[in-house]
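Just so you know, residue 1 is the first one in the sequence shown, and it goes up from there. Counting starts at 1 for both ligands and their atoms, following the listed order.
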Amino acid sequence: TTEDPGELRTPIVAVLGHVDHGKTSLLDKIRGSAVIEGEAGAITQHIGATAVPLDVVSEVAGSLVDPTEFDLPGLLFIDTPGHHSFSTLRSRGGALADIAILVVDVNDGFQPQTEEAIRILKDTGTPFVVAANKIDTIPGWNPTEDAPVQQTYDNQSDRVRSQLDEALYELIGELSGAGFSSDLYWRVQDFQSNIGVIPVSAETGEGVPDLLTVLMGLAQRYMKSEMEVNIDGPGAGTVLEVKDERGFGTTLDVILYDGTIRQGDQIVVGGTNETIVTEVRALLKPRELAEIRTEKRFDDVESMQAAAGLKIAAPDLDEAMAGAPVRVVGDRDVEAVVEEVEAELAEVAVETAEEGVVVKADTLGSLEALANAMEEAEIPVMAAEVGDIAPRDVAMATTADDDKHRTILGFNVDVLGDAEQKAEDEDVRIFDSDVIYQLVDDYEEFVEERER
Ligand code: GTP
Ligand code: MG
(Lines give C-alpha, C1' and ligand atoms only; values in the text may rest on other atoms or scores of the structure.)
(Ligands and ions follow the chains in the order given, each with its own letter.)
Protein backbone atom coordinates (compact mmCIF):
# COMPACT_ATOMS: atom_id res chain seq x y z
CA THR A 1 0.00 0.00 0.00
CA THR A 2 3.08 2.21 0.08
CA GLU A 3 2.38 2.95 -3.59
CA ASP A 4 -0.47 5.17 -2.53
CA PRO A 5 0.86 8.67 -1.83
CA GLY A 6 -1.83 9.11 0.79
CA GLU A 7 0.05 6.57 2.86
CA LEU A 8 3.21 8.63 3.14
CA ARG A 9 3.71 10.40 6.41
CA THR A 10 4.43 14.14 6.56
CA PRO A 11 8.10 14.82 7.28
CA ILE A 12 8.73 16.66 10.56
CA VAL A 13 10.88 19.76 10.26
CA ALA A 14 12.27 21.31 13.45
CA VAL A 15 13.12 25.00 13.35
CA LEU A 16 15.93 25.78 15.75
CA GLY A 17 18.50 28.38 16.55
CA HIS A 18 19.56 31.06 18.97
CA VAL A 19 17.04 33.31 20.72
CA ASP A 20 15.73 36.10 18.46
CA HIS A 21 17.40 34.83 15.33
CA GLY A 22 13.96 34.62 13.70
CA LYS A 23 12.54 31.09 13.98
CA THR A 24 8.98 32.15 14.73
CA SER A 25 9.10 35.00 12.21
CA LEU A 26 10.17 32.59 9.51
CA LEU A 27 7.21 30.32 10.23
CA ASP A 28 4.91 33.32 10.39
CA LYS A 29 6.21 34.37 7.00
CA ILE A 30 5.53 30.96 5.50
CA ARG A 31 2.00 31.14 6.91
CA GLY A 32 1.61 34.78 5.82
CA SER A 33 2.79 34.13 2.27
CA ALA A 34 0.23 31.39 2.06
CA VAL A 35 -2.46 33.79 3.19
CA ILE A 36 -1.50 36.11 0.35
CA GLU A 37 -1.60 33.20 -2.05
CA GLY A 38 -5.15 32.53 -0.87
CA GLU A 39 -4.21 29.19 0.56
CA ALA A 40 -4.51 30.08 4.22
CA GLY A 41 -7.24 27.57 4.89
CA ALA A 42 -5.00 24.78 3.79
CA ILE A 43 -2.40 25.50 6.41
CA THR A 44 -3.33 24.05 9.74
CA GLN A 45 -2.15 25.22 13.08
CA HIS A 46 -1.33 22.33 15.40
CA ILE A 47 -0.23 22.21 18.98
CA GLY A 48 3.44 23.16 18.80
CA ALA A 49 3.47 22.69 15.04
CA THR A 50 2.29 24.05 11.70
CA ALA A 51 1.29 21.77 8.85
CA VAL A 52 1.96 23.10 5.36
CA PRO A 53 0.52 20.92 2.59
CA LEU A 54 2.37 20.32 -0.67
CA ASP A 55 0.17 22.59 -2.79
CA VAL A 56 0.92 25.50 -0.46
CA VAL A 57 4.63 24.72 -0.53
CA SER A 58 4.54 24.87 -4.29
CA GLU A 59 2.45 28.06 -4.32
CA VAL A 60 4.94 29.82 -2.08
CA ALA A 61 7.94 28.37 -3.86
CA GLY A 62 6.51 29.43 -7.21
CA SER A 63 8.51 28.36 -10.22
CA LEU A 64 11.15 26.69 -8.06
CA VAL A 65 8.97 23.69 -7.25
CA ASP A 66 7.19 21.42 -9.66
CA PRO A 67 4.54 19.73 -7.51
CA THR A 68 4.35 16.75 -9.84
CA GLU A 69 7.85 15.79 -8.73
CA PHE A 70 6.65 15.26 -5.19
CA ASP A 71 4.36 12.81 -3.53
CA LEU A 72 4.97 13.63 0.12
CA PRO A 73 1.91 15.31 1.65
CA GLY A 74 3.74 18.47 2.76
CA LEU A 75 5.83 19.50 5.75
CA LEU A 76 5.10 19.72 9.49
CA PHE A 77 7.13 22.49 11.09
CA ILE A 78 7.91 22.48 14.80
CA ASP A 79 8.93 25.81 16.30
CA THR A 80 11.34 25.53 19.23
CA PRO A 81 11.72 28.58 21.44
CA GLY A 82 15.38 29.55 21.71
CA HIS A 83 15.46 29.04 25.46
CA HIS A 84 14.17 25.50 25.09
CA SER A 85 16.52 22.86 23.97
CA PHE A 86 15.81 21.15 20.72
CA SER A 87 16.81 17.98 22.54
CA THR A 88 13.27 17.73 23.90
CA LEU A 89 12.30 16.57 20.46
CA ARG A 90 13.47 13.02 20.85
CA SER A 91 11.79 9.85 19.75
CA ARG A 92 12.70 6.19 19.84
CA GLY A 93 16.41 5.97 19.19
CA GLY A 94 17.07 9.57 18.19
CA ALA A 95 15.63 12.78 16.98
CA LEU A 96 11.94 13.31 16.49
CA ALA A 97 12.56 15.65 13.58
CA ASP A 98 13.32 14.20 10.17
CA ILE A 99 15.01 17.41 9.04
CA ALA A 100 15.92 20.66 10.73
CA ILE A 101 16.30 24.30 9.76
CA LEU A 102 19.04 25.96 11.73
CA VAL A 103 18.20 29.66 11.74
CA VAL A 104 21.18 31.96 12.11
CA ASP A 105 21.08 35.75 12.06
CA VAL A 106 23.62 36.64 9.33
CA ASN A 107 24.86 39.63 11.28
CA ASP A 108 25.09 37.82 14.58
CA GLY A 109 26.57 34.53 13.40
CA PHE A 110 27.00 31.56 15.72
CA GLN A 111 25.76 32.08 19.27
CA PRO A 112 25.62 29.65 22.25
CA GLN A 113 22.27 28.14 21.30
CA THR A 114 23.38 27.82 17.69
CA GLU A 115 26.34 25.76 18.84
CA GLU A 116 24.16 23.73 21.15
CA ALA A 117 21.69 22.99 18.36
CA ILE A 118 24.49 21.99 16.02
CA ARG A 119 26.00 19.56 18.53
CA ILE A 120 22.65 17.90 18.99
CA LEU A 121 22.09 17.75 15.23
CA LYS A 122 25.44 16.06 14.96
CA ASP A 123 24.78 13.64 17.85
CA THR A 124 21.42 12.60 16.45
CA GLY A 125 22.53 12.58 12.81
CA THR A 126 19.65 14.83 11.81
CA PRO A 127 20.02 16.29 8.29
CA PHE A 128 19.67 20.05 8.25
CA VAL A 129 19.90 23.21 6.21
CA VAL A 130 20.96 26.63 7.43
CA ALA A 131 18.68 29.63 6.97
CA ALA A 132 20.95 32.67 7.02
CA ASN A 133 18.25 35.07 8.19
CA LYS A 134 17.76 38.83 8.26
CA ILE A 135 19.55 39.55 4.97
CA ASP A 136 17.29 42.61 4.67
CA THR A 137 19.14 44.27 7.56
CA ILE A 138 22.29 44.70 5.49
CA PRO A 139 22.62 48.49 5.08
CA GLY A 140 21.41 49.61 1.67
CA TRP A 141 19.38 46.44 1.07
CA ASN A 142 16.95 46.71 -1.80
CA PRO A 143 14.10 44.31 -1.00
CA THR A 144 11.93 42.39 -3.44
CA GLU A 145 9.11 40.90 -1.40
CA ASP A 146 8.93 37.10 -1.43
CA ALA A 147 11.47 36.81 -4.25
CA PRO A 148 13.79 33.85 -4.77
CA VAL A 149 17.37 34.51 -3.63
CA GLN A 150 18.99 34.68 -7.05
CA GLN A 151 16.57 37.35 -8.18
CA THR A 152 16.93 39.52 -5.11
CA TYR A 153 20.69 39.06 -5.21
CA ASP A 154 20.82 40.52 -8.70
CA ASN A 155 18.91 43.58 -7.48
CA GLN A 156 21.53 44.59 -4.92
CA SER A 157 24.36 47.04 -5.38
CA ASP A 158 27.90 45.70 -5.55
CA ARG A 159 28.59 46.98 -2.08
CA VAL A 160 25.55 45.27 -0.54
CA ARG A 161 26.26 42.08 -2.41
CA SER A 162 29.83 41.91 -1.21
CA GLN A 163 28.73 42.59 2.36
CA LEU A 164 26.22 39.73 2.14
CA ASP A 165 28.86 37.46 0.63
CA GLU A 166 31.20 38.28 3.44
CA ALA A 167 28.61 37.49 6.11
CA LEU A 168 27.71 34.24 4.36
CA TYR A 169 31.33 33.14 4.09
CA GLU A 170 31.86 33.86 7.71
CA LEU A 171 28.90 31.62 8.47
CA ILE A 172 30.26 28.89 6.22
CA GLY A 173 33.54 29.23 8.12
CA GLU A 174 31.75 28.82 11.45
CA LEU A 175 29.99 25.72 10.17
CA SER A 176 33.31 24.33 9.10
CA GLY A 177 34.66 25.03 12.57
CA ALA A 178 31.78 22.95 13.92
CA GLY A 179 32.78 20.08 11.64
CA PHE A 180 30.32 20.58 8.77
CA SER A 181 31.24 21.37 5.22
CA SER A 182 28.67 23.70 3.70
CA ASP A 183 28.08 26.00 0.79
CA LEU A 184 25.45 28.29 -0.66
CA TYR A 185 22.65 25.91 -1.48
CA TRP A 186 22.70 26.38 -5.25
CA ARG A 187 26.26 25.09 -5.29
CA VAL A 188 25.46 21.99 -3.27
CA GLN A 189 25.23 18.78 -5.28
CA ASP A 190 24.87 16.28 -2.48
CA PHE A 191 22.91 17.58 0.48
CA GLN A 192 23.95 14.60 2.56
CA SER A 193 27.63 15.45 2.60
CA ASN A 194 27.29 19.20 2.27
CA ILE A 195 25.03 21.53 4.26
CA GLY A 196 23.06 23.97 2.12
CA VAL A 197 23.05 27.59 3.29
CA ILE A 198 20.00 29.58 2.20
CA PRO A 199 20.02 33.37 2.56
CA VAL A 200 16.55 34.46 3.71
CA SER A 201 14.59 37.27 5.26
CA ALA A 202 11.66 36.39 7.48
CA GLU A 203 10.72 40.06 7.22
CA THR A 204 10.51 40.44 3.43
CA GLY A 205 10.07 36.79 2.49
CA GLU A 206 13.13 36.84 0.26
CA GLY A 207 14.66 33.39 0.00
CA VAL A 208 11.62 31.71 1.56
CA PRO A 209 10.73 30.08 -1.79
CA ASP A 210 14.25 28.67 -1.93
CA LEU A 211 14.08 27.38 1.63
CA LEU A 212 10.83 25.52 1.01
CA THR A 213 12.15 24.13 -2.27
CA VAL A 214 15.32 22.82 -0.67
CA LEU A 215 13.40 21.26 2.23
CA MET A 216 10.89 19.60 -0.02
CA GLY A 217 13.64 18.32 -2.29
CA LEU A 218 15.65 16.98 0.64
CA ALA A 219 12.65 15.24 2.12
CA GLN A 220 11.60 13.75 -1.17
CA ARG A 221 15.03 12.58 -2.23
CA TYR A 222 16.46 11.28 1.00
CA MET A 223 13.57 10.65 3.33
CA LYS A 224 10.83 9.14 1.28
CA SER A 225 11.47 5.59 2.42
CA GLU A 226 11.29 6.67 6.06
CA MET A 227 7.90 8.24 5.34
CA GLU A 228 6.52 4.93 4.14
CA VAL A 229 4.95 3.97 7.43
CA ASN A 230 1.59 2.53 8.28
CA ILE A 231 -0.15 5.74 9.22
CA ASP A 232 -3.31 3.79 9.96
CA GLY A 233 -1.50 1.74 12.61
CA PRO A 234 -1.46 2.45 16.35
CA GLY A 235 -0.17 5.97 17.06
CA ALA A 236 3.26 6.74 18.48
CA GLY A 237 4.37 10.14 19.69
CA THR A 238 6.48 12.20 22.04
CA VAL A 239 5.25 14.43 24.87
CA LEU A 240 6.36 18.02 24.29
CA GLU A 241 4.75 19.46 27.39
CA VAL A 242 2.55 18.50 30.29
CA LYS A 243 0.06 21.31 30.90
CA ASP A 244 -2.94 22.17 32.99
CA GLU A 245 -5.79 23.24 30.77
CA ARG A 246 -8.93 24.76 32.21
CA GLY A 247 -11.83 22.38 31.80
CA PHE A 248 -9.58 19.46 30.92
CA GLY A 249 -7.23 19.05 33.88
CA THR A 250 -3.72 17.87 33.08
CA THR A 251 -3.20 17.47 29.34
CA LEU A 252 -0.34 16.45 27.09
CA ASP A 253 0.98 18.39 24.12
CA VAL A 254 2.17 15.67 21.80
CA ILE A 255 3.86 15.37 18.43
CA LEU A 256 2.46 12.26 16.78
CA TYR A 257 5.16 10.88 14.49
CA ASP A 258 3.65 7.57 13.54
CA GLY A 259 0.20 6.01 13.09
CA THR A 260 -3.23 7.18 14.17
CA ILE A 261 -4.73 8.13 17.52
CA ARG A 262 -8.47 8.15 18.22
CA GLN A 263 -10.80 9.32 20.93
CA GLY A 264 -11.31 6.49 23.43
CA ASP A 265 -8.00 4.79 22.56
CA GLN A 266 -6.13 3.17 25.39
CA ILE A 267 -2.67 4.79 25.61
CA VAL A 268 0.56 4.19 27.49
CA VAL A 269 2.60 7.24 28.58
CA GLY A 270 6.02 7.45 30.25
CA GLY A 271 5.76 8.93 33.75
CA THR A 272 8.15 10.32 36.33
CA ASN A 273 7.45 7.44 38.71
CA GLU A 274 5.36 4.86 36.98
CA THR A 275 4.27 4.17 33.47
CA ILE A 276 0.76 5.50 32.94
CA VAL A 277 -2.00 3.50 31.25
CA THR A 278 -5.07 5.58 30.49
CA GLU A 279 -7.77 6.29 27.93
CA VAL A 280 -8.02 9.29 25.59
CA ARG A 281 -10.94 11.45 26.65
CA ALA A 282 -10.46 14.13 24.04
CA LEU A 283 -8.12 15.01 21.18
CA LEU A 284 -7.79 18.74 20.86
CA LYS A 285 -6.65 20.97 18.04
CA PRO A 286 -6.22 24.72 18.35
CA ARG A 287 -8.93 26.72 16.60
CA GLU A 288 -8.31 29.35 13.99
CA LEU A 289 -7.21 32.62 15.56
CA ALA A 290 -10.45 34.35 14.63
CA GLU A 291 -12.54 31.81 16.48
CA ILE A 292 -10.49 31.80 19.66
CA ARG A 293 -11.67 35.23 20.77
CA THR A 294 -15.29 34.30 21.01
CA GLU A 295 -15.37 30.61 21.69
CA LYS A 296 -13.50 27.67 23.04
CA ARG A 297 -9.83 27.59 22.26
CA PHE A 298 -9.89 24.02 21.01
CA ASP A 299 -11.74 21.82 18.60
CA ASP A 300 -12.52 18.27 19.64
CA VAL A 301 -11.49 15.87 16.90
CA GLU A 302 -12.27 12.19 16.45
CA SER A 303 -8.83 11.15 15.33
CA MET A 304 -5.45 12.44 14.17
CA GLN A 305 -2.90 10.94 11.82
CA ALA A 306 0.90 11.32 11.77
CA ALA A 307 2.61 13.61 11.56
CA ALA A 308 0.68 16.08 13.68
CA GLY A 309 0.77 18.13 16.84
CA LEU A 310 -2.14 17.68 19.21
CA LYS A 311 -3.30 17.98 22.77
CA ILE A 312 -4.48 14.86 24.57
CA ALA A 313 -6.90 15.09 27.49
CA ALA A 314 -7.08 11.95 29.62
CA PRO A 315 -7.32 11.00 33.29
CA ASP A 316 -4.19 10.32 35.39
CA LEU A 317 -1.72 12.44 33.42
CA ASP A 318 -0.34 14.37 36.41
CA GLU A 319 2.90 12.43 36.48
CA ALA A 320 3.46 12.27 32.74
CA MET A 321 6.96 13.29 31.74
CA ALA A 322 7.94 15.82 29.07
CA GLY A 323 9.96 14.09 26.39
CA ALA A 324 8.51 10.67 27.22
CA PRO A 325 6.89 8.35 24.69
CA VAL A 326 3.13 8.02 24.13
CA ARG A 327 1.81 4.83 22.52
CA VAL A 328 -1.63 3.78 21.41
CA VAL A 329 -2.26 0.19 22.54
CA GLY A 330 -4.60 -0.74 19.67
CA ASP A 331 -5.22 -4.46 19.43
CA ARG A 332 -1.92 -5.30 21.10
CA ASP A 333 -1.49 -6.63 24.59
CA VAL A 334 -1.31 -3.66 26.96
CA GLU A 335 1.53 -5.28 28.93
CA ALA A 336 3.61 -5.53 25.78
CA VAL A 337 3.12 -1.83 25.08
CA VAL A 338 4.01 -0.93 28.67
CA GLU A 339 7.20 -2.94 28.25
CA GLU A 340 7.94 -1.14 25.00
CA VAL A 341 7.55 2.26 26.65
CA GLU A 342 9.66 1.21 29.61
CA ALA A 343 12.36 -0.13 27.32
CA GLU A 344 12.43 3.20 25.56
CA LEU A 345 12.73 5.03 28.87
CA ALA A 346 15.50 2.66 29.94
CA GLU A 347 17.35 3.51 26.75
CA VAL A 348 17.55 7.10 27.99
CA ALA A 349 18.21 6.23 31.62
CA VAL A 350 21.36 7.95 32.72
CA GLU A 351 24.11 5.76 34.07
CA THR A 352 24.79 6.93 37.59
CA ALA A 353 27.79 6.42 39.84
CA GLU A 354 28.06 6.06 43.64
CA GLU A 355 29.78 9.39 43.77
CA GLY A 356 29.13 12.44 41.62
CA VAL A 357 26.96 15.49 41.01
CA VAL A 358 23.16 15.73 40.80
CA VAL A 359 21.65 16.76 37.46
CA LYS A 360 18.11 17.91 36.70
CA ALA A 361 16.54 18.81 33.36
CA ASP A 362 13.15 19.90 32.07
CA THR A 363 12.51 16.99 29.75
CA LEU A 364 13.69 13.48 29.14
CA GLY A 365 15.40 14.51 25.91
CA SER A 366 17.31 17.34 27.52
CA LEU A 367 18.30 15.08 30.41
CA GLU A 368 19.73 12.67 27.89
CA ALA A 369 21.65 15.42 26.12
CA LEU A 370 22.92 16.77 29.45
CA ALA A 371 24.00 13.30 30.56
CA ASN A 372 25.88 12.82 27.29
CA ALA A 373 27.66 16.12 27.78
CA MET A 374 28.60 15.11 31.34
CA GLU A 375 29.94 11.82 30.14
CA GLU A 376 31.99 13.51 27.45
CA ALA A 377 33.43 15.87 30.05
CA GLU A 378 34.04 12.90 32.38
CA ILE A 379 32.01 14.39 35.20
CA PRO A 380 30.45 11.62 37.30
CA VAL A 381 26.70 11.80 37.93
CA MET A 382 25.14 10.43 41.10
CA ALA A 383 21.51 11.19 40.31
CA ALA A 384 19.75 12.40 37.18
CA GLU A 385 16.07 13.26 36.95
CA VAL A 386 13.48 15.26 35.07
CA GLY A 387 11.98 18.07 37.14
CA ASP A 388 12.64 21.30 39.05
CA ILE A 389 15.34 21.45 41.72
CA ALA A 390 13.66 20.49 45.01
CA PRO A 391 14.91 20.20 48.60
CA ARG A 392 15.34 16.47 48.24
CA ASP A 393 17.81 17.06 45.41
CA VAL A 394 19.82 19.20 47.79
CA ALA A 395 19.64 16.41 50.38
CA MET A 396 20.93 14.03 47.71
CA ALA A 397 23.83 16.35 46.85
CA THR A 398 24.92 16.48 50.50
CA THR A 399 25.59 12.74 50.42
CA ALA A 400 28.55 13.29 48.05
CA ASP A 401 31.90 12.56 49.74
CA ASP A 402 33.93 14.88 47.57
CA ASP A 403 33.09 18.55 48.13
CA LYS A 404 33.34 19.35 44.44
CA HIS A 405 30.42 16.99 43.89
CA ARG A 406 28.17 18.77 46.37
CA THR A 407 26.57 20.43 43.38
CA ILE A 408 23.36 20.37 41.36
CA LEU A 409 23.40 21.14 37.63
CA GLY A 410 19.98 22.22 36.38
CA PHE A 411 19.09 22.64 32.73
CA ASN A 412 16.00 24.69 31.93
CA VAL A 413 14.50 24.08 35.39
CA ASP A 414 13.41 26.26 38.28
CA VAL A 415 14.93 26.18 41.73
CA LEU A 416 12.03 25.75 44.13
CA GLY A 417 12.08 28.38 46.89
CA ASP A 418 12.93 26.17 49.84
CA ALA A 419 15.59 24.32 47.84
CA GLU A 420 17.56 27.50 47.39
CA GLN A 421 17.64 28.20 51.14
CA LYS A 422 18.47 24.61 51.94
CA ALA A 423 21.33 24.62 49.46
CA GLU A 424 22.74 27.71 51.08
CA ASP A 425 22.47 26.18 54.55
CA GLU A 426 24.03 22.91 53.48
CA ASP A 427 26.75 24.44 51.34
CA VAL A 428 25.52 22.87 48.09
CA ARG A 429 26.28 24.77 44.88
CA ILE A 430 23.50 25.07 42.30
CA PHE A 431 24.30 25.82 38.66
CA ASP A 432 21.53 26.54 36.22
CA SER A 433 21.51 27.49 32.56
CA ASP A 434 19.53 27.30 29.33
CA VAL A 435 22.59 26.04 27.51
CA ILE A 436 23.88 22.58 28.27
CA TYR A 437 27.48 23.26 27.40
CA GLN A 438 27.41 26.41 29.47
CA LEU A 439 26.52 24.30 32.49
CA VAL A 440 29.40 21.95 31.87
CA ASP A 441 31.80 24.86 31.35
CA ASP A 442 30.59 26.63 34.49
CA TYR A 443 31.03 23.49 36.52
CA GLU A 444 34.50 22.82 35.16
CA GLU A 445 35.52 26.36 35.93
CA PHE A 446 34.23 25.97 39.47
CA VAL A 447 36.27 22.79 39.95
CA GLU A 448 39.38 24.42 38.52
CA GLU A 449 39.06 27.38 40.83
CA ARG A 450 38.64 25.18 43.86
CA GLU A 451 41.74 23.24 42.99
CA ARG A 452 43.84 26.31 42.48
P1 GTP B 1 12.81 32.93 20.30
O2 GTP B 1 11.53 32.20 20.06
O3 GTP B 1 12.75 33.88 21.45
O4 GTP B 1 13.98 32.02 20.40
O5 GTP B 1 13.10 33.90 19.02
P6 GTP B 1 12.86 33.57 17.50
O7 GTP B 1 14.05 32.92 16.92
O8 GTP B 1 11.55 32.91 17.27
O9 GTP B 1 12.85 35.05 16.89
P10 GTP B 1 11.60 35.90 16.41
O11 GTP B 1 11.00 35.30 15.20
O12 GTP B 1 10.72 36.14 17.56
O13 GTP B 1 12.34 37.24 15.95
C14 GTP B 1 13.06 38.07 16.84
C15 GTP B 1 13.07 39.48 16.32
O16 GTP B 1 13.78 39.56 15.09
C17 GTP B 1 11.68 40.05 16.04
O18 GTP B 1 11.67 41.38 16.43
C19 GTP B 1 11.54 39.93 14.53
O20 GTP B 1 10.68 40.90 14.00
C21 GTP B 1 12.96 40.14 14.09
N22 GTP B 1 13.24 39.46 12.82
C23 GTP B 1 13.14 38.14 12.59
N24 GTP B 1 13.48 37.84 11.32
C25 GTP B 1 13.82 39.01 10.74
C26 GTP B 1 14.30 39.37 9.43
O27 GTP B 1 14.48 38.54 8.53
N28 GTP B 1 14.55 40.69 9.21
C29 GTP B 1 14.39 41.63 10.18
N30 GTP B 1 14.66 42.89 9.85
N31 GTP B 1 13.95 41.34 11.40
C32 GTP B 1 13.68 40.04 11.69
MG1 MG C 1 10.20 32.08 18.68
| Min N/O separation Thr137 to ligand 1 under 3.5 Å | no
| said: Looking at Gln111, I'd like to know if its CD atom is crowded, meaning that more than 12 non-hydrogen atoms belonging to other residues, nucleotides or ligands lie closer than 6.0 Å. | reply: yes
| request: Counting heavy atoms only, name the option from His21, Glu206, Lys134 that's nearest to atom 22 (N) of ligand 1. | output: Lys134
| query | For Ile135, is at least one N or O under 3.5 Å away from an N or O on ligand 1? | reply | no
| message | Quick check on contacts: which atoms of ligand 1 are under 4.0 angstrom from a heavy atom of Glu203? | response | 26 (C), 27 (O), 28 (N), 29 (C), 31 (N)
| query | How about Asn107 and Thr137: does a side-chain donor come under 3.5 Å of a side-chain acceptor? | reply | yes
| query | Could Lys29 and Glu203 be called an ion pair, given the rule that one side-chain N must be under 4.0 Å from one carboxylate O? | reply | no
| said: Using only atom types and a distance under 3.5 Å, with no angle test, would you say the side chain of Thr251 pairs donor to acceptor with the backbone of Ile312? | reply: no
| message | I need the contact type for Asp136 against ligand 1. Using non-hydrogen atoms and a strict under-4.0 Å cut-off, is it side chain, backbone, both or neither? | response | side chain
| query | What about Ser25: any of its N or O atoms under 3.5 Å from an N or O on ligand 1? | reply | yes
| request: Hey, could you give me each pair passing ring-ring contact (aromatic ring centres under 6.0 Å, His included) that has a residue in residues 185-223? Not counting sequence neighbours. | output: none
| Within the stated cut-off of 2.8 Å, is an N/O/S atom of Thr24 closer than that to the Mg ion (ligand 2)? | yes
| said: Please check whether Gly22 reaches ligand 1 - meaning an N/O of the residue sits under 3.5 Å from an N/O of the ligand, judged on distance alone. | reply: yes
| field | side chain to side chain donor-acceptor pair (under 3.5 Å) against Asp244, all qualifying residues, sequence neighbours excluded | value | Thr250
| Does Asp79 reach ligand 1 with a nitrogen or oxygen that is under 3.5 Å from one of the ligand's nitrogen or oxygen atoms? | no
| query | Do any N or O atoms from the side chain of Gln220 and from the backbone of Asp71 form a donor-acceptor pair under 3.5 angstrom? | reply | yes
| query | Do Leu184 and Tyr169 have side chains that get closer than 4.5 Å, going by heavy atoms? | reply | yes
| Is Lys23 touching ligand 1 with its side chain, its backbone, both, or neither, if touching means heavy atoms under 4.0 Å apart? | both
| message | Please check: side-chain N/O of Asp414 versus main-chain N/O of Leu416, any donor-acceptor pairing under 3.5 Å? | response | no
| task | For ligand 1, indicate whether the residue Asn133 contacts it via side chain, backbone, both or neither (heavy-atom separation under 4.0 Å). | result | side chain
| message | Can you name the atoms of ligand 1, numbered from 1 with element, that are less than 4.0 Å from a heavy atom of Ser201? | response | 27 (O)
| query | For atom 14 (C) of ligand 1, which of Val19, Asp28, Thr80, Asp20 has the closest heavy atom? | reply | Asp20
